[in-house]
Amino acid sequence: MSSATADTPRLDFAGSPINKALTAEQKIELFRKMQRIRRFEQEALKYYNAGKIGGFLHLYIGQESVAVGTLSLCGENDHNITAYRCHGHAIMSGMEMNPLMAELFGKATGCSKGKGGSMHFFAPDKGFWGGHGIVGGQTPLGLGLAYGLKYLGKEGAALCYLGDGAVNQGAFHESLNIAALFELPVVYVIENNGYSMGTSQKRSSSYRGCLAQRAEGYDMEWDVVDGSDIYEVRAKTHIALERARKQHKPAILEINTYRYYGHSVADANAKKYRTPEEIENYKTNFDPIRLWRKRLVEEGVATEEQLDAIDKEAKAEAAASVKFAEASPAPTIESVMDDVYWETDNNTPASKLGQHFFTD
Amino acid sequence: MSRTLTYREALREGLDEEIARDPNVVIMGEEVAQYNGAYKVTQGLWEKWGDKRIVDTPISEAGFIGMGIGASMLGVRPVMELMFWSFHSVAFDQLVNNAACVRYMSGGLINCPIVMRGPANGGTNVGATHSHIPEGLFAAFPGLKVVAPATPADAKGLIKAAIRDNDPVYVMENTRLYGMTGEVPDPADGDFVIPLGVADLKREGKDVSIIGHGRSIIHALEAAETLKEKHGIEADVLDLRSIRPLDVEAILKTVKKTNRVVLVDESKGFGGVSAMVSHLIQDNAFDYLDAPIKRVTTMDAPAIYSQHVEDEQLPNPRRIVEKVLSLR
Ligand SMILES: Cc1ncc(C[n+]2csc(CCOP(=O)(O)OP(=O)(O)O)c2C)c(N)n1
């Protein structure tokens with residue numbers, strides 16, 4: 001991705017059936033979702049730097065088209081799961097900004113009651129099975145979502161996201177083998193932003209043409225996707241998803257993308273392992289939101305003014321979520337002991353049997 | 001003579017000296033070389049020693065840790081950095097089946113002189129999966145040695161002993177201690193190595209023994225200060241330093257002196273190092289106890305993320321003071 005330039009020729013996927021079917025409102029909605037993710041995170045960044053948000057903050061800025069493009073194809077039968085860089089998938093899955101920001105602020109009104117933090121957003125009611133902290137650990141879980149669907153005789157497919165660094169974990173390879181062997185409806189999406197922390201893909205992975213090609217060893221379909229073009233993301237993901245839903249065949253999609261900031265906000269080396277030119281090139285030539293905006297105007301779907309207004313709303317929504325988070329109460333120390341066991345929370349007869357907790 | 005170093009610098013100095021001393025010492029892990037280490041413990045070592053001695057690995061803990069164990073069987077002395085000890089789970093098989101057992105299963109034919117090191121702690125608001133405190137867990141596997149330095153000097157002395165040891169040694173550091181400063185002996189004054197298995201009495205008292213390891217010791221020392229100033233209670237603070245081998249003699253000595261014990265352990269209430277220490281005391285010094293043995297542990301739930309609450313979930317000076325006062 002970084003070696004490409006604005007003039008590198010690209011195929012146009014606007015005409016593919018799944019994109020042709022988009023209404024003007026739906027196209028604008030894609031813009032709104034990407035912009036909301038970005039504004040939410042820019043606000044979070046501000047308050048992380050101000051010391052209001054603890055732990056780690058892995059920003060998704062630059063990668064918005066991946067979550068938005070792929071998840072825009074998902075319905076209520078579909079499920080998704082990702083790693084710690086989970087804000088984009090959460091918002092795209094339909095989570096509101098207020099509980100997300102409150103979670104970052106460690107407040108009781110957060111989506112995980114202040115227990116999970118930035119890396120652990122969840123909304124199973126929206127088909128979003130969370131952000132997970134252990135690199136690669138979510139990949140067998142994604143497999144399990146697909147297995148569950150098939151076992152329960154349900155429609156739908158599972159999307160499981162991972163980074164280019166995570167492809168080297170054993171758990172991922174074991175997952176691929178089972179996915180193909182059991183014919184499970186899972187689509188693995190490698191969000192290839194070129195780096196795992198400070199290590200470039202070339203220094204961390206042995207591969208021939210691309211990372212997704214490893215699928216061949218498991219007799220699995222694969223494709224490589226330009227993440228800066230949301231039409232392409234949708235067109236190629238649609239094919240993989242339909243195959244998964246209808247034929248229970250897994251696939252790997254490698255979506256090339258880029259993160260603008262460090263690995264996390266606390267990444268002291270953020271400016272060392274990539275050149276400023278590389279970052280600038282991506283921002284000016286491949287920013288998925290900017291390109292989509294241009295496209296919408298060119299197609300006559302929206303005017304600059306309309307899109308500005310949408311952006312303003314997104315900004316206001318993000319700012320309001322900070323107000324909500326700040327005004328929210330912190331969890332009590334007693335709440336530390338909630339949510340450990342279902343039966344003790346629900347005070348069932350079983351909760352009287354044996355001793356569940358052992359403090360001091 | 002000694003100088004003031006941070007815990008991180010002391011570890012680095014220990015690593016650097018051992019790399020210089022023994023050509024078979026190799027440092028390996030995620031981001032340890034070009035990135036200078038996620039927590040900057042290995043900063044500058046790659047520039048100084050190059051690709052052969054300081055090796056960046058992919059994110060594949062089972063693979064590279066297993067590789068280190070295999071290489072150690074052949075005589076390489078790898079020092080593996082786990083970016084967080086919490087990621088032990090991914091390599092658990094290698095850590096507890098291979099490293100711990102191969103010497104025994106081979107009837108002593110094969111040794112594993114490997115060191116695994118990295119931060120093991122809670123208290124950084126990173127949530128459940130990143131906050132495990134597994135020293136008790138690994139100490140429960142015979143064949144493994146486990147140390148948990150609380151000060152810069154101990155960090156340097158123990159890492160050097162760990163590297164020279166012919167068994168696998170798991171070094172539990174602490175993110176919250178990396179920036180802490182303390183006196184460390186000058187290299188010009190000779191080789192500074194702290195043998196594994198020797199506890200350290202960090203403060204002398206007569207009324208109560210506070211026993212712990214790692215960051216708990218920093219809390220215990222602060223609590224001991226408060227106990228003295230506000231309550232006139234003089235506490236012995238015993239730093240185990242080495243969990244396995246464990247200095248049982250030092251534990252019994254302080255207990256027999258003060259007759260009252262509070263154990264501080266960042267593990268959860270169930271199991272953990274303090275459970276074992278408690279057992280050893282009641283088994284060997286029951287008649288010396290004037291009060292039941294008490295513990296201060298991490299509240300028995302996965303680590304909460306919230307920055308408003310996590311320090312309360314963990315042992316802290318206030319909780320230690322309260323527990324000591326409850327003995328009266
Ligand atoms: C098992 C494990 N090892 C190491 C880490 C520390 N770590 C967190 S993210 C990361 C880099 C992952 O990079 P990649 O998979 O490319 O995803 P990206 O961050 O680029 O989205 C590392 C090394 C971890 N969380 N879990």
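The structure presented is a predicted model; accordingly, all values stated were derived computationally and were not measured. Order of the sequence lines sets the chain letters (A, B, ...), proteins ahead of strands, with each chain counted from 1.
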Under 4.5 Å, counting heavy-atom pairs only, tell me which of M337(A), K272(A), R203(A) racks up the most with chain B. R203(A)
Below 4.5 Å, heavy atoms only, C-beta onward: do M299(B) and I333(A) meet side chain to side chain? yes
If I measure from the heavy atoms of chain B, does Y341(A) come under 4.5 Å with its side chain, its backbone, both, or neither? neither
Counting heavy atoms not belonging to F358(A), are there more than 12 under 6.0 Å from its CZ? yes
Region of Y39(B) in contact with chain A, defined by heavy-atom distances below 4.5 Å: side chain
Under 4.5 Å, counting heavy-atom pairs only, tell me which of N36(B), D265(B), D300(B), V309(B) racks up the most with chain A. D300(B)
Measure the spacing between CG of D338(A) and CD1 of I304(B) and express it to the nearest 0.5 Å. 9.0 Å
Could you tell me which of A266(A), G117(A), S335(A) has the largest number of non-hydrogen atom pairs under 4.5 Å with chain B? G117(A)
What part of V340(A) is in contact with chain B, defined as an atom under 4.5 angstrom from a non-hydrogen atom: side chain, backbone, both or neither? side chain
Inspect the surroundings of NZ in K107(A) and state if more than 12 heavy atoms from other residues, nucleotides or ligands are less than 6.0 Å away. yes
Given heavy-atom pairs under 4.5 angstrom as the criterion, report whether the side chain, backbone, both or neither of H263(A) touches chain B. neither
Considering only heavy atoms from C-beta outward, does the side chain of D360(A) approach that of K294(B) to under 4.5 Å? no
Got a sec: does the NZ of K352(A) have more than 12 other heavy atoms crowding it under 6.0 Å? yes
Near Q43(B) CD, under 6.0 Å, is it more than 12 heavy atoms from other residues, nucleotides or ligands? yes
Under a 4.5 Å heavy-atom cut-off, does chain B meet the side chain of K115(A), its backbone, both or neither? both
Pick from E31(B), H308(B), E310(B), H130(B): which one has the most heavy-atom pairs with chain A under 4.5 Å? E31(B)
Rounded to the nearest 0.5 Å, what's the gap from CD1 on I53(A) to OH on Y305(B)? Could you check? 6.5 Å
Quick one: list whatever passes side-chain hydrogen bond (donor to acceptor under 3.5 Å, both in side chains) with E326(A), sequence neighbours left out. K52(A)
Against chain A, label E30(B) side chain, backbone, both or neither, depending on which of its atoms sit under 4.5 Å from a heavy atom there. neither
Part of T332(A) lying under 4.5 Å from any heavy atom of chain B: backbone
Is V126(B) close to M119(A) at the side-chain level, that is, under 4.5 Å between some pair of heavy atoms? yes
Atom pair CE/CD1 of M197(A) and I59(B) - distance to nearest 0.5 Å: 8.5 Å
Is any side-chain heavy atom of K40(B) less than 4.5 Å from a side-chain heavy atom of N269(A)? yes
Of the backbone (N, CA, C, O) and the side chain (C-beta and beyond), which part of T124(B) lies under 4.5 Å from a heavy atom of chain A, both, or neither? backbone
Considering heavy atoms only, which positions within residues 204-212 of chain A lie below 4.5 Å of chain B? S204(A)
CD-CG distance between E61(B) and N168(A), expressed to the nearest 0.5 angstrom: 10.5 Å
Contact part of A303(B) toward chain A, heavy-atom cut-off under 4.5 Å: side chain, backbone, both or neither? backbone
Heavy-atom distance under 4.5 Å to chain B: side chain of Y273(A), backbone, both or neither? side chain
